[in-house]
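Comments concern the structure below.
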Amino acid sequence: MRNIGEILAPLLMNKKPSNALIYGKTGTGKTASIKFTSNVIEEKAKGRGTNFIMSYVNCRLEGTEYRTLAVIAEALGLTIPFTGLATNEVLKRITEKLRHSEISCLIVLDEVDVFVRSYGDDLLYQLTRMNETLPTSRVAIIAVSNDISFKELLDPRVLSSLSEEEVIFKPYTADEIKDILQARVSLGFNDGVVSHEVVNLVAALSASEHGDARRALNLLRVAGEIAERAGLLKITAANVREAVLKIEEDQVFEICRSLPLHSRLLLAVVLSLGKKNKAPTSGEIFTSYKQLVEKLKLPELTYRRVAMLLNELEMVGLVESKTVNLGRHGRTRKMRLAAASDPVRRALQSDVLVAQLLE
DNA sequence: CTTCCACCGGAAGTACCGGTAA
DNA sequence: TTACCGGTACTTCCGGTGGAAG
């Protein structure tokens, strides 16, 4: 946080600060640290009469260039319709606003790597260049990325401008997670409910799995709920292991339920074909899908689109595939369920498909 | 060594939606 | 009213391709 503070400090002296690139996996405290630091700066700025505005954008959640810019514009007090304007128009309005006032502006672009992968670095380039044309206002950009190879996606000009400073957040070690958990245990549980062994177990599981503090806390909470429901006075190691499974199953269930119709149909096909014929090929899946769709009197998607949906299912981890080569008989992917079948079935059952699935 | 299958996946185009600006 | 915007969800077209069969 001190590091980030030092980078941003020039904003308080009405100077242009360096842009920064921040790396770190999810749950390592990037967002919290930036928000905290920026609040401190905002306080100081108030005392000095500097007009400081922080705009935090999660680029992945916003999804598109237009909406990313819209969020920045709104932080500056502009109202931007959610559609209708040209993207460049939004950028123009932002620059106009900054040109006609004196603002120290910090733009935080979270999960920018995901964004750049689908939209390229044009937007980043334009944002980094904005300072040059602004006489009175200053803009600092902090780009936050989950993975380090992100650099390779950037044009050298953008990269050099963006990486004037770099900060890296390492995943938490088991010891660090232990500290974090311990601090929360004393707030959230009665004395003696959570033993050191349980904290150690949760910390060890989390550190080896992901090093994500948020998920570690979640794991402990779920374990606590399980123990409570079982009428226990203390959380046991078994509760923790059960919690691991439960969290996983709940995630699978949620993902399945929120899938669009045709993805769910495909998942149902993979599930039912997988039973008799262990690992159907993409061609077989498509044929069964066609039959299913015909039976349900639904419009049918093309093979191309179906292949894309199957890829998406694989991406979210519900399905896994292996390419196999049959020589003269071509090449194909064999697909099967990668997630626990139980929550998948439960999620699909709340649907029209029940009848078809039972065949 | 060549052939040829059963797909893969990039690219461009279409239709529609809900909107703005002049 | 007209021209145009971006986003989503698809379709159409088509040039690959790994490796066993032949």
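Only this structure's heavy atoms are used, side chains among them; waters, hydrogens and symmetry mates stay out. Below, chain A is the first sequence line, B the second, and so on; all start at residue 1.
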Review point. Can you tell me if A/Ser161 uses its side chain to pair, donor with acceptor, with the backbone of A/Arg157 under 3.5 Å?
Key: no
Review point. Is there a donor-acceptor contact under 3.5 Å from the side chain of A/Arg345 to the main chain of A/Ala268?
Key: no
Exercise for review: Would you jot down, in residue-number order, the residues of residues 66-74 of chain A having a non-hydrogen atom under 4.0 Å from DNA chain C?
Suggested key: A/Tyr66, A/Arg67
Review point. Is there any salt bridge (Lys or Arg N to Asp or Glu O under 4.0 Å) pair reaching into residues 58-74 of chain A, and which pairs are they, with sequence neighbours excluded?
Key: A/Arg60-A/Glu111
I'd like to know if [X] and [Y] make a salt bridge, using a cut-off of under 4.0 Å between side-chain N and carboxylate O.
X	Y	value
A/Arg117	A/Asp147	yes
A/Glu89	A/Arg93	yes
A/Glu249	A/Lys246	no

Practice item. Could you tell me whether A/Lys25 atom NZ has more than 12 heavy atoms of other residues or ligands within 6.0 Å of it? Key: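 Atom NZ in A/Lys25 is not packed in, count stays at 12 or less.
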Review point. Does A/Glu228 CD have over 12 foreign heavy atoms under 6.0 Å away?
Key: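 Check fails, neighbour count at 12 or below.
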Practice item. Mind checking the CZ-NZ spacing from A/Arg48 to A/Lys46? Nearest 0.5 Å is all I need. Key: 15.0 Å
Exercise for review: Output the distance between atom CG (A/Asp121) and atom CZ (A/Phe115), rounded to the nearest 0.5 Å.
Suggested key: 10.0 Å
**Study point:** For atom CD1 of A/Ile80 and atom P of C/dG7, their distance in whole Å
**Key:**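 From A/Ile80 CD1 to C/dG7 P: 14 Å.
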Check your understanding: Can you check the A/Glu62 CD to C/dT8 P distance for me, whole Å?
Key -> 12 Å
**Study point:** Sugar-phosphate, base or nothing in reach of A/Thr323, heavy atoms under 4.0 Å
**Key:**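 No contact.
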**Study point:** Linked hydrophobic residues, A/Val108 as query - side chain contacts closer than 4.5 Å
**Key:**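 In the cluster with A/Val108 are A/Ile4, A/Ile7, A/Leu8, A/Leu11, A/Leu12, A/Ile22, A/Ile34, A/Ile41, A/Phe52, A/Met54, A/Tyr56, A/Leu106, A/Ile142, A/Val144, A/Val167, A/Phe169.
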Review point. Taking five pairs at each end, how big is the angle between the two axes of the helix from B/dC1-C/dG22 to B/dA22-C/dT1, to 10°?
Key: 30°
Point to revise | Verdict with supporting geometry, A/Val269 and A/Phe286, side chain to side chain contact (heavy atoms under 4.5 Å, CB included) | key: CA-CA 9 Å; A/Val269 167; A/Phe286 185 60; over 6 Å; no
**Study point:** Contact state string [nucleotides 10-22 of chain C, B base, S sugar-phosphate only, - no protein heavy atom under 4.0 Å]
**Key:** SBBB---BBBBSS
Check your understanding: Reading nucleotides 14-22 of chain B 5' to 3', which nucleotides get B (base under 4.0 Å from a protein heavy atom), which S (sugar-phosphate only), which -?
Key -> ----BBSS-
**Study point:** Exercise: do A/Asn218 and A/Arg221 side chains pair donor with acceptor under 3.5 Å
**Key:** yes
Check your understanding: Any side-chain N or O of A/Thr281 less than 4.0 Å from the OP1 or OP2 oxygen of B/dC7?
Key -> yes
